[in-house]
Structure formats: C-alpha cells, structure tokens
Q: 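Next up is a structure, given as structure tokens.
Since the structure is predicted, the reported quantities are computational estimates derived from the model, not experimental observations.
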Amino acid sequence: MKLYVYSTLSNDQRYAVKNGTVFIAGKANIADKYMLTPRGIVTPISPEEYAQLKDNHVFKLHVQNGFIHVDQRKDDPEKVATNMMASDQSAPDTPESLEAEGKTVPKTGKAKK
C-alpha cells in the first residue's frame with residue numbers, strides 16, 4: 001500500500017534518511033511550460049520510506065508548518081492544497097501576495113474585476 005505526500009513547497013525536496021534519501025516533488029506555485037500553476041503536488045511513497053521520513057527533522061518541520069500532508073488516499077492535489085499553507089517564502093510574488101504585504105503592485109495590462 002502506498003502513501004501519498006502532498007506538498008505546497010516551491011522546490012523539490014530530498015530528505016536525508018537512514019538508507020539514503022527520499023524524494024518529494026515540489027514546484028507548487030511555480031508555472032510550468034504550459035503556464036499552469038499548480039497549488040499542490042503529490043508524490044507516492046512506500047510505508048517504509050514514510051517510517052524513515054518521520055525521523056527527519058526538516059520533514060517534521062514542513063509537516064508542522066503545513067507545507068506537507070501525508071494521506072493513505074490519493075486525491076486531487078489542488079483540492080488537498082486548499083487546506084494547507086498556501087506557499088513558502090521561495091514562491092514567486094503574485095499581485096495578490098504583493099497587495100497582502102502592502103507593496104506596490106506593478107501594472108500587468110490586465111483590468112481589475
């Protein structure tokens with residue numbers, strides 16, 4: 001049985017574990033070559049890998065801070081990401097994030113609705 005790790009981190013992660021590393025895909029909030037920006041990414045892992053990940057300090061911090069969620073059920077990562085921390089500090093700025101920080105939003109040529 002596989003476990004599914006949902007991530008809203010902007011970068012891929014390789015967590016160091018006892019038997020090497022465990023790869024967790026990132027690139028949430030990063031536009032792909034089709035200019036689509038996923039809000040969440042899912043990576044299937046084995047229960048043995050998860051048992052080792054639970055001992056990794058950085059993995060535990062990512063879980064505690066809401067960037068990583070582990071589930072036994074495969075679901076739409078976009079849907080799961082709605083209940084997680086939206087993005088980390090390495091995510092690119094968006095007009096919405098700049099407005100939230102009180103910074104000047106550059107003109108994009110798009111009319112505001």
Side-chain angles (χ1 to χ4, degrees):
M1 181 176 81
K2 289 184 178 180
L3 295 171
Y4 297 93
V5 179
Y6 298 91
S7 170
T8 57
L9 295 168
S10 298
N11 295 311
D12 295 338
Q13 304 293 317
R14 286 194 185 276
Y15 296 102
V17 295
K18 185 177 178 183
N19 297 334
T21 60
V22 175
F23 175 80
I24 303 297
K27 296 187 178 59
N29 304 305
I30 304 291
D32 63 10
K33 65 181 179 181
Y34 303 107
M35 300 306 292
L36 299 174
T37 306
R39 296 289 172 220
I41 303 292
V42 63
T43 305
I45 62 171
S46 68
E48 295 80 22
E49 289 174 320
Y50 181 57
Q52 293 180 4
L53 277 174
K54 288 195 289 188
D55 294 332
N56 182 289
H57 177 68
V58 176
F59 180 79
K60 287 192 275 187
L61 286 175
H62 285 158
V63 171
Q64 288 173 356
N65 291 325
F67 298 114
I68 296 284
H69 173 72
V70 181
D71 203 334
Q72 294 179 344
R73 186 172 50 114
K74 186 173 183 179
D75 205 347
D76 179 13
E78 300 287 322
K79 182 179 172 185
V80 175
T82 60
N83 296 324
M84 299 170 61
M85 183 64 87
S87 63
D88 58 5
Q89 292 182 348
S90 62
D93 288 334
T94 62
E96 294 81 16
S97 67
L98 291 173
E99 283 181 4
E101 295 174 5
K103 296 181 179 176
T104 304
V105 179
K107 294 181 180 181
T108 60
K110 292 182 179 178
K112 258 191 166 181
K113 295 181 181 178

Q: In the single-linkage hydrophobic clustering (I, L, V, M, F, W, Y; side-chain heavy atoms under 4.5 Å), do Val63 and Val42 co-cluster?
A: no
Q: Examine Tyr4 and Leu9 and state if one hydrophobic cluster contains both, with Ile, Leu, Val, Met, Phe, Trp and Tyr joined whenever side-chain heavy atoms are less than 4.5 Å apart.
A: no
Q: Can you check side-chain contact (heavy atoms from CB on, under 4.5 Å) on Ile68 and Ile24, steps first, answer last?
A: CA-CA 10 Å; Ile68 296 284; Ile24 303 297; 4.3 Å; yes
Q: To the closest 0.5 Å, what do you measure between CG (Asn56) and NE2 (His62)?
A: 9.0 Å
Q: Considering only heavy atoms from C-beta outward, does the side chain of Asp12 approach that of Lys27 to under 4.5 Å?
A: yes
Q: Of all the heavy-atom pairs spanning Ser7 and Ala25, show the shortest one and how long it is.
A: CB-O, 3.6 Å
Q: When rounded to the nearest 0.5 angstrom, what is the spacing between OG1 in Thr82 and CG in Asp76?
A: 9.0 Å
Q: Take atom CD of Gln72 as the centre, draw a 6.0 Å sphere, and report whether it contains more than 12 heavy atoms from other residues, nucleotides or ligands.
A: no
Q: Any side-chain heavy atom of Val22 sitting closer than 4.5 Å to one from Arg14?
A: no
Q: Which distance, rounded to the nearest 0.5 Å, do you find between the CZ of Phe67 and the CE of Met84?
A: 9.0 Å
Q: Looking at Lys60, I'd like to know if its NZ atom is crowded, meaning that more than 12 non-hydrogen atoms belonging to other residues, nucleotides or ligands lie closer than 6.0 Å.
A: yes
Q: Mind checking whether Val58 and Val17 sit in one hydrophobic cluster, side chains of I, L, V, M, F, W, Y counted as touching below 4.5 Å?
A: yes
Q: Let me confirm one number: the CZ-CG distance from Phe59 to Leu53, rounded to the nearest 0.5 Å.
A: 5.0 Å
Q: Under 4.5 Å between any side-chain heavy atoms of Asp75 and Tyr6, yes or no?
A: yes
Q: Taking all atoms of both residues into account, what is the closest heavy-atom pair of Gly40 and Pro77, and its distance?
A: O-CB, 3.5 Å
Q: Give the cluster check for Val5 versus Met85: same hydrophobic cluster or not, with ILVMFWY residues linked at side-chain heavy-atom distances below 4.5 Å.
A: yes
Q: Determine the minimum heavy-atom distance between Pro44 and Lys2, stating which atoms define it.
A: CB-CD, 3.9 Å
Q: Which pair of heavy atoms, one from Pro38 and one from Ile30, lies closest together, and at what distance?
A: CD-O, 3.5 Å
Q: Just how far is it from atom OG1 of Thr8 to atom CD1 of Ile41, taken to the nearest 0.5 Å?
A: 10.0 Å
Q: Hey, could you give me the CG/OG1 distance between Leu98 and Thr104, rounded to the nearest 0.5 Å?
A: 8.5 Å
